[in-house]
Amino acid sequence: MSKGPQRIRGTQDIWGEEADRFQAVVAAFERVRRLYAFSRIEIPVFEATEVFARSIGETTDIVSKEMYSFPDRGGDSLTLRPEFTAGICRAYLSEGWQQHAPLKLATHGPVFRYERPQKGRFRQFHQLDAEIIGSDAPAADVELLVLADQLLHELGIQDGVTLNLNTLGDAATREAWRAALVEHFEAHRADLSEDSLNRLEKNPLRILDSKDPRDRPAADSAPVIDAFLTAEAADFFAAVTAGLDAAGVAWTRNGSLVRGLDYYRHTAFEFITDRLGAQGTVLAGGRYDGLIESLGGPPTPAVGWAAGIERLAMMIAAPEPARPQAALVPLGEAAEAAATGLAAGLRRAGIACDMAFKGNMKRRLAKADAAGVRFAIILGDDELAAGEAAVKDLRSGEQFRVALADLAGALVAR
RNA sequence: GCGACCGUAGCUCAGCUGGUUAGAGCAUCGGUUUGUGGUACCGAGGGUCGCGGGUUCAAGUCCCGUCGGUCGCCCCA
């Protein structure tokens with residue numbers, strides 16, 4: 001095997017088709033985000049640890065054992081972001097962006113979670129992220145969902161994916177429902193898996209979507225949230241579903257869809273596929289009206305979602321690799337210099353072209369062909385003397401002479 | 001943190017119940033073609049068989065450990 005430093009577990013070196021897929025996902029997101037007038041935001045890759053600890057919830061696995069936290073040289077505890085939402089809310093507060101509310105924000109980039117890598121799961125992975133901060137209108141939830149739906153359509157993966165939708169109600173609803181669930185599961189303690197007994201202490205809602213067959217009877221017979229919804233919460237959810245219907249976005253109600261993170265309220269959703277093994281969630285989010293308050297800010301309503309770029313990239317059709325239109329093939333030193341000038345001219349004219357750093361004609365032609373280049377521009381002493389280049393169409397094999405001054409135009413014309 | 005499977009050239013893999021100098025395809029480089037690619041043919045370079053220990057006359061092949069990979073559980077995008 002190779003020696004030298006190795007890639008850190010759970011990180012990736014991405015090149016070739018994989019990189020093209022990644023780029024295609026990001027490009028689609030940037031395009032769609034503009035259509036919905038979301039502005040781009042950039043935030044730090046690391047934050048004070050408390051930003052995540054206070055917002056995400058001390059009891060979640062993310063905070064308790066999956067964060068990359070470290071003391072900096074000054075002794076402060078910093079953490080590599082495990083998600084975008086908390087950092088964006090911190091920025092909203094510390095930069096005084098309340099004055100711009102409601103704010104529609106989008107970003108993408110690396111996030112970090114210390115987990116055991118598996119299919120579609122990495123320690124450094126990448127997310128798309130969209131948030132609306134400062135609006136308590138159900139229309140905000142709807143817009144975010146329609147945006148997500150359009151993104152998946154533009155990526156061509158809507159067929160394998162369904163939008164699962166639920167409401168967690170407002171704070172009062174959630175409290176009442178949670179109490180009822182605890183009571184229900186306490187009564188079925190004997191039937192539950194060890195994992196779920198654990199969840200009962202830490203996050204009882206999670207028992208509802210347990211994969212363990214032993215938990216299913218108790219989970220399926222558990223009280224549903226609808227009975228506990230306050231009138232306001234019920235109205236809110238009705239407005240969201242009506243909006244989705246109006247926008248023509250397909251959705252299915254999933255009463256056992258809950259969120260792992262403490263800050264969610266009202267709308268919760270996941271776009272789920274069966275094409276990625278155990279990692280079925282492709283895009284997920286919801287409303288988190290309590291988060292900014294938990295960071296020490298004023299009560300501020302907000303909604304958002306995040307999607308794993310790697311997971312999306314695995315699902316899309318392979319994109320056409322970008323290939324240059326032409327390759328320069330100089331023969332000899334004089335031609336090499338002339339070709340350098342020609343290449344610069346073509347590129348300034350907006351024509352993508354390539355020129356190998358060295359090699360004989362055979363090598364250069366083979367390289368151009370392997371790269372999928374359409375035209376080889378051959379420059380030798382004969383051509384130079386005539387002020388022309390030999391242009392070879394590598395697809396048809398036909399070859400013709402073009403005056404150097406007309407090169408760019410000739411290539412565009414063909 | 002737990003479980004299962006896997007770890008042989010740059011890549012994908014073969015190597016039968018342990019037995020002389022470990023193979024193939026692709027890729028790379030060179031040649032058939034000293035100014036013409038994509039096809040074909042010939043040739044070359046490249047591996048302490050993840051690492052460490054053990055069993056054996058003998059280990060890529062068996063055993064233990066360790067590291068890494070893959071998939072699943074937990075959790076989550």
Side-chain angles (χ1 to χ4, degrees), chain A residues 1-3 6-10 12 15-16 25 56-57 59-67 81-85 108-130 148 193-196 198-199 202-203 206-207 209-212 258-261 269-273 276-285 304-315 327 329-332 335 356 359-384 390-399:
Chain A
M1 271 288 144
S2 59
K3 353 137 185 24
Q6 295 297 299
R7 177 163 47 80
I8 296 300
R9 172 174 230 188
Q12 331 170 64
W15 178 85
V25 170
I56 297 175
T59 61
T60 64
D61 278 15
I62 290 184
V63 170
S64 59
K65 50 189 193 195
E66 293 177 2
M67 294 204 305
R81 63 186 181 203
E83 57 145 40
F84 279 107
T85 306
H108 61 84
V111 294
F112 307 83
R113 252 117 100 157
Y114 190 85
E115 292 185 284
R116 193 78 184 267
Q118 60 191 69
K119 188 184 184 70
R121 160 179 298 184
F122 308 91
R123 288 185 171 180
Q124 175 180 336
F125 62 107
H126 301 78
Q127 288 189 328
L128 309 175
D129 188 274
S193 64
E194 309 78 64
D195 280 336
S196 283
N198 221 314
R199 294 183 179 109
K202 295 170 68 175
N203 198 348
R206 271 285 169 204
I207 301 175
D209 60 2
S210 169
K211 289 176 187 169
D212 194 313
V258 294
R259 310 273 57 202
L261 311 183
F269 53 88
E270 285 183 28
F271 287 82
I272 299 175
T273 176
L276 290 180
Q279 258 51 59
T281 301
V282 122
L283 184 156
W305 55 252
I309 295 180
E310 286 85 353
R311 291 185 186 176
L312 293 171
M314 283 189 280
M315 296 178 70
V329 180
L331 305 165
N360 57 25
M361 181 174 203
K362 182 189 167 93
R363 277 203 59 64
R364 288 173 190 262
L365 278 175
K367 225 170 205 168
D369 189 62
V373 169
R374 175 78 191 277
F375 298 105
I377 299 166
I378 301 167
L379 260 193
D381 293 337
D382 296 353
E383 287 82 1
L384 234 39
V391 176
K392 178 163 189 169
D393 184 329
L394 293 179
R395 240 189 274 166
S396 64
E398 101 185 87
Q399 190 167 323

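All chains are named by letter (A, B, ...) in the order of the sequence lines, taking the proteins before the strands, and each is independently numbered beginning at 1.
Contact record, A/Phe269 with A/Gly304: CZ-O, 3.8 Å, taken as the closest heavy-atom pair. Considering every non-hydrogen atom in both A/Lys119 and A/Leu276, the closest pair reads CD-O, 3.9 Å. Pairing each heavy atom of A/Phe84 with each of A/His108, the nearest pair is CZ-C, 3.7 Å. A/Asp212 and A/Ser193 make their closest contact through OD2-CB, 3.4 Å (heavy atoms, listed as atom of the first residue, atom of the second, distance).
Within 4.0 Å (heavy atoms only), A/Ala284 reaches sugar-phosphate atoms of the nucleic acid but no base atom. Residue-level contact check: A/Val282 touches the backbone only, with heavy atoms under 4.0 Å from sugar-phosphate atoms and none from bases. Using a 4.0 Å heavy-atom distance criterion, A/Glu383 is classed as a base contact. Note on A/Ile309: nothing from the nucleic acid sits closer than 4.0 angstrom, heavy atoms only. Residue contacts shown for A/Glu115 include a base, since a base heavy atom lies under 4.0 Å away. When heavy atoms are screened at a 4.0 angstrom cut-off, A/Arg7 is found touching no nucleic acid atom at all. Contact annotation for A/Asp212: no contact, since no heavy-atom pair falls under 4.0 Å across all strands. No contact: A/Glu310 has no heavy atom under 4.0 Å from any strand. Looking at heavy-atom distances under 4.0 Å, A/Phe375 makes no contact with the nucleic acid at all. If you check every strand for non-hydrogen atoms under 4.0 Å, A/Arg364 touches nothing.
Across the interface with RNA chain B, nearest-nucleotide mapping of A/Gly308 and A/Asn360 shows A/Asn360 to be the residue nearer the 5′ end. With the nearest nucleotide of RNA chain B identified for both A/His126 and A/Ile8, A/Ile8 has the one nearer the 5' end.
Taking atom C1' in both B/G38 and B/G3, the straight-line distance is 50 Å, to the nearest Å. Across the P atoms, B/G43 and B/A24 are found 11 Å apart, a figure rounded to whole Å. Rounded to whole Å, the C1' atom of B/A58 lies 11 Å from the corresponding atom of B/U20. Here, B/G53 and B/C16 have their C1' atoms 28 Å apart, quoted to the whole Å. Of the C1' atoms belonging to B/G46 and B/A27, the separation is 11 Å, rounded to the nearest Å. Across B/A9 and B/A4, the matching P atoms stand 26 Å from one another, rounded to whole Å.
For the pair A/Gln124 (side chain) and A/Gly10 (backbone), a donor-acceptor distance under 3.5 Å is absent. A donor-acceptor pair under 3.5 Å is formed between the side chain of A/Arg81 and the backbone N or O of A/Pro110. Between the side chain of A/Arg113 and the backbone N or O of A/Pro82 there is at least one donor-acceptor pair closer than 3.5 Å.
Atom pair A/Asp381:CG and B/U34:P shows a separation of 17 Å (rounding to whole Å applied). Remark: P of B/A77 and CD of A/Glu83 are 8 Å apart, rounded to the nearest angstrom. The nearest whole Å value for the distance from the CG atom in A/Leu365 to the C1' atom in B/U34 is 15 Å. Here the C1' atom of nucleotide B/U34 and the NZ atom of A/Lys362 are 12 Å apart, to the nearest Å. Remark: C1' of B/G72 and CZ of A/Arg116 are 10 Å apart, rounded to the nearest angstrom. Summarising the geometry, the separation between CG on A/Leu276 and C1' on B/C71 is reported as 13 Å, rounded to the nearest angstrom. Atoms CZ (A/Arg113) and P (B/C74) sit 16 Å apart, rounded to a whole Å. Atoms CG (A/Asp369) and C1' (B/G38) sit 4 Å apart, rounded to a whole Å.
A sub-4.0 Å separation between OP1 or OP2 of B/G69 and a side-chain N or O of A/Arg9 is present. Look at A/Gln118 and you'll find a side-chain N or O under 4.0 angstrom from OP1 or OP2 of B/G72. OP1 or OP2 of B/C76 sits under 4.0 Å from a side-chain N or O of A/Arg206.
Residue A/Leu331 is tested with A/Asp381, A/Leu379, A/Ile378, A/Asp382 for a side chain to side chain contact (heavy atoms under 4.5 Å, CB included); the sole match is A/Ile378.
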Contact list (N/O, under 3.5 angstrom) for nucleotides 26-29 of chain B vs protein:
residue, atom, partner, partner atom, Å
B/C29, OP1, A/Arg363, NH1, 3.4
B/C29, OP1, A/Arg363, NH2, 2.7
B/C29, OP2, A/Arg363, NH1, 3.3

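Partner assigned to B/U20 is none, using Watson-Crick or G-U wobble distances below 3.5 angstrom. As the counterpart of B/A4, B/U70 is assigned, both hydrogen-bonding distances of the Watson-Crick or G-U wobble pattern falling under 3.5 Å.
For a distance-only test at 3.5 Å, the side chain of A/Lys392 qualifies as a donor-acceptor partner of the base of B/U36.
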